[in-house]
Amino acid sequence: MRHFVDLKDFDSDRLQAMLETAAQMKSGTDKSQPLAGKYVGMIFEKPSTRTRVSFEVGISQLGGTPVVLAASDLQLGRGESVADTARVLSRYLDAVMIRALRHETVTELAEYADIPVINGLTNLSHPCQIMADLQTILERLGSLTGIKICWLGDGNNVANSWIEAAALFGFELWLAGPEAYRPPAALLAWARAKGANITLTEDPVAAATDASVIVTDVWVSMGDEQGSRERDMQPFKATAKLMETAQPDAIFLHCLPAIRGQEVEAEVIDGPQSAVFDEAENRLHAQKAIMAHIISENF
Ligand code: CP
Ligand code: NVA
């Protein structure tokens with residue numbers, strides 16, 4: 001069974017092949033419908049705009065039928081086990097995408113399901129987002145190798161998936177944020193053991209200088225307490241001044257939703273270097289490619 005739970009479950013050749021399929025699907029050179037006659041469930045334990053719509057549209061464009069399930073409408077929300085939910089859904093569906101509060105829900109669903117399971121964001125990772133981001137970088141900059149990527153702010157789920165990507169694709173990753181909000185040490189150790197070139201710093205200028213990509217995310221993720229995050233993260237705001245230290249052709253990425261004036265200045269996210277809406281569009285193409293590769297026998 002080929003699940004899509006985390007980037008680190010794949011080798012870079014396979015992910016590269018998915019990114020090529022994503023580009024072909026976007027350009028229209030690949031119009032195949034590998035999900036014809038197939039049903040794909042979508043379970044949501046948290047809100048979503050991009051994931052919700054891009055998966056539903058993508059499944060339909062690939063010839064499949066989406067089945068959208070709010071977790072609160074399922075018996076899962078009343079305490080039915082993840083294992084039984086997985087066994088039952090496997091009898092009706094051909095694959096299932098889940099946005100879960102706890103990462104363990106996704107790994108348990110994958111353990112007991114006889115169908116592919118796709119991670120549509122958990123507290124620990126957001127692999128579909130990073131596939132769309134990698135597609136956007138390839139479109140704008142042509143290559144992932146040899147470039148410096150600068151992450152600003154919280155060491156959150158999206159940052160974790162960037163760390164996995166750094167271990168697989170060989171770009172230089174700088175993470176600038178407060179020490180108290182660093183990504184898990186075990187994940188960093190795994191990535192470094194794979195040869196990843198990752199630098200942690202509390203100096204945003206050092207991280208942004210000569211970077212090809214500046215990327216950030218909200219300071220308070222779904223499920224996080226606000227606490228003192230807004231004060232703690234202030235030095236790591238994506239500002240126009242910081243963008244000036246990056247490469248002249250650097251792009252700005254943000255998975256969205258964004259809070260202008262908080263983690264990013266409006267003139268950055270709405271400025272000429274911002275690629276955030278291409279990035280959002282690429283969720284559609286990247287996820288279609290992921291589904292084609294893990295659900296269809298033909299990819
Ligand atoms: N970037 C992202 O996953 O957006 P949604 O929460 O709207 O799905
Ligand atoms: N880190 C954010 C990403 C939202 C798409 C969150 O988990 O809320």
Side-chain angles (χ1 to χ4, degrees), residues 4-7 22 40-59 66 68-71 96-106 118-137 151-165 175-178 180-184 187 213-227 229-230 232-233 236-238 251-260 262-264 269 274-291:
F4 191 82
V5 174
D6 275 312
L7 299 179
V40 181
M42 302 161 60
I43 302 175
F44 288 95
E45 292 187 335
K46 301 190 203 188
S48 168
T49 297
R50 279 142 290 267
T51 307
R52 165 78 170 72
V53 179
S54 58
F55 264 104
E56 184 162 357
V57 170
I59 293 160
V68 182
L69 307 157
V96 62
M97 189 286 302
I98 177 166
R99 168 165 287 196
L101 293 165
R102 294 168 53 253
H103 194 76
E104 294 73 25
T105 303
V106 180
I118 300 170
N119 173 2
L121 180 146
T122 70
N123 58 320
L124 291 187
S125 61
H126 199 2
C128 291
Q129 180 67 53
I130 301 312
M131 290 296 279
D133 292 12
L134 297 175
Q135 184 179 358
T136 310
I137 295 169
W151 171 272
L152 296 170
D154 192 16
N156 64 13
N157 45 5
V158 179
N160 289 347
S161 290
W162 272 114
I163 290 167
E164 294 187 20
L175 298 148
Y181 299 89
R182 284 196 167 157
L187 178 64
V213 180
I214 305 283
V215 54
T216 192
D217 188 7
V218 286
W219 289 340
V220 185
S221 285
M222 291 179 278
D224 283 342
E225 296 289 329
Q226 172 96 31
R229 283 172 171 272
E230 201 171 331
D232 300 343
M233 301 284 181
F236 306 98
K237 187 192 291 271
I251 59 169
F252 173 74
L253 296 180
H254 189 310
C255 64
L256 305 178
I259 306 180
R260 286 168 175 76
Q262 202 168 88
E263 75 275 6
V264 58
I269 194 167
S274 174
V276 299
F277 296 110
D278 284 356
E279 179 186 9
E281 179 188 334
N282 285 339
R283 292 293 301 280
L284 172 67
H285 310 296
Q287 288 158 190
K288 283 168 69 179
I290 292 164
M291 289 189 284

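Positions are given from 1 along the sequence. Just so it is clear, the model here is predicted, and its values are computed rather than measured. In each ligand, atom 1 is the first atom listed, and ligand 1 is the first ligand listed.
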> Tell me which part of D154 gets within contact of ligand 2: side chain, backbone, both or neither, using heavy atoms under 4.0 Å.
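It is neither; nothing of D154 touches ligand 2.
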
> Against heavy atoms of L121, which atoms of ligand 2 measure under 4.0 Å?
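Selected atoms, number and element: 3 (C), 4 (C), 5 (C), 7 (O).
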
> Against heavy atoms of H126, which atoms of ligand 1 measure under 4.0 Å?
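Under 4.0 Å from H126, ligand 1 has these atoms: 2 (C), 3 (O).
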
> Counting only nitrogen or oxygen atoms and a 3.5 angstrom limit, does S221 reach ligand 2?
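N/O-N/O distance below 3.5 Å exists for this pair.
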
> For ligand 1, is there an atom lying under 4.0 Å from some heavy atom of R99?
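In this structure, R99 qualifies as a contact of ligand 1 - some heavy atom is under 4.0 Å.
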
> Quick check against the 3.5 Å criterion: does Q262 have a side-chain atom that pairs as donor or acceptor with the backbone of V218?
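Looks like no, no N/O pair under 3.5 Å.
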
> Are any of the N/O atoms on M222, whether in the backbone or the side chain, positioned under 3.5 angstrom from an N/O atom of ligand 2?
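Checking ligand 2 against M222, an N or O pair does fall under 3.5 Å apart.
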
> Is the closest N or O pair between K46 and ligand 2 shorter than 3.5 Å?
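No, there is no polar N/O contact under 3.5 Å.
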
> For ligand 1, indicate whether the residue L256 contacts it via side chain, backbone, both or neither (heavy-atom separation under 4.0 Å).
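For L256, the contact with ligand 1 is made by the backbone alone.
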
> Does K288 reach the main-chain N or O of A22 with its side chain, forming a donor-acceptor pair under 3.5 Å?
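No; zero donor-acceptor contacts below 3.5 Å.
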
> Would R99 count as being in polar contact with ligand 2, using the rule that some N or O on each side must be under 3.5 angstrom apart?
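N/O-N/O distance below 3.5 Å does not exist for this pair.
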
> Number the atoms of ligand 2 from 1 as they appear, then name those within less than 4.0 Å of a heavy atom of L256, with their elements.
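Every atom of ligand 2 under 4.0 Å from some heavy atom of L256: 5 (C).
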
> Can you tell me which residue and heavy atom of the protein come closest to atom 3 (C) of ligand 2, and the distance to 0.1 Å?
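Here the nearest protein heavy atom works out to D217 OD2, 3.6 Å.
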
> As a test of understanding, state which of N157, L7, L134 forms a side-chain contact (heavy atoms from CB on, under 4.5 Å) with W162.
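Filter result, single survivor: L134.
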
> Show the atoms of ligand 1 that are less than 4.0 angstrom away from any heavy atom in T49.
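So the atoms of ligand 1 that pass are 5 (P), 7 (O), 8 (O).
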
> How long is the span from the CD1 atom in I214 to the OG atom in S274, to the nearest 0.5 Å?
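Here the rounded value is 12.5 Å.
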
> Mind checking whether T51 contacts ligand 2 via backbone (N, CA, C, O), side chain (CB onward), both or neither, at a 4.0 Å heavy-atom cut-off?
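Under 4.0 Å from ligand 2, T51 contributes no heavy atoms.
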
> Compare every heavy atom of P178 with every heavy atom of D232, then report the nearest pair and how far apart it is.
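Nearest pair, atom of D232 first, then P178: O-CG, 3.5 Å.
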
> Counting only nitrogen or oxygen atoms and a 3.5 angstrom limit, does R52 reach ligand 1?
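There is no such contact.
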
> Does any part of the side chain of L121, heavy atoms only, come nearer than 4.5 Å to the side chain of F44, both counted from C-beta?
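When only atoms from C-beta onward are counted, L121 and F44 do not touch, as no gap falls below 4.5 Å.
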
> Does any N or O of ligand 1 fall below 3.5 Å from an N or O anywhere on C255, backbone included?
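Between C255 and ligand 1, an N or O pair is found under 3.5 Å apart.
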
> Give the residue and atom name of whichever protein heavy atom lies nearest to atom 7 (O) of ligand 2, and the separation in Å to one decimal.
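Scanning the protein heavy atoms, the shortest distance from atom 7 (O) of ligand 2 goes to N157 ND2, 2.8 Å.
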
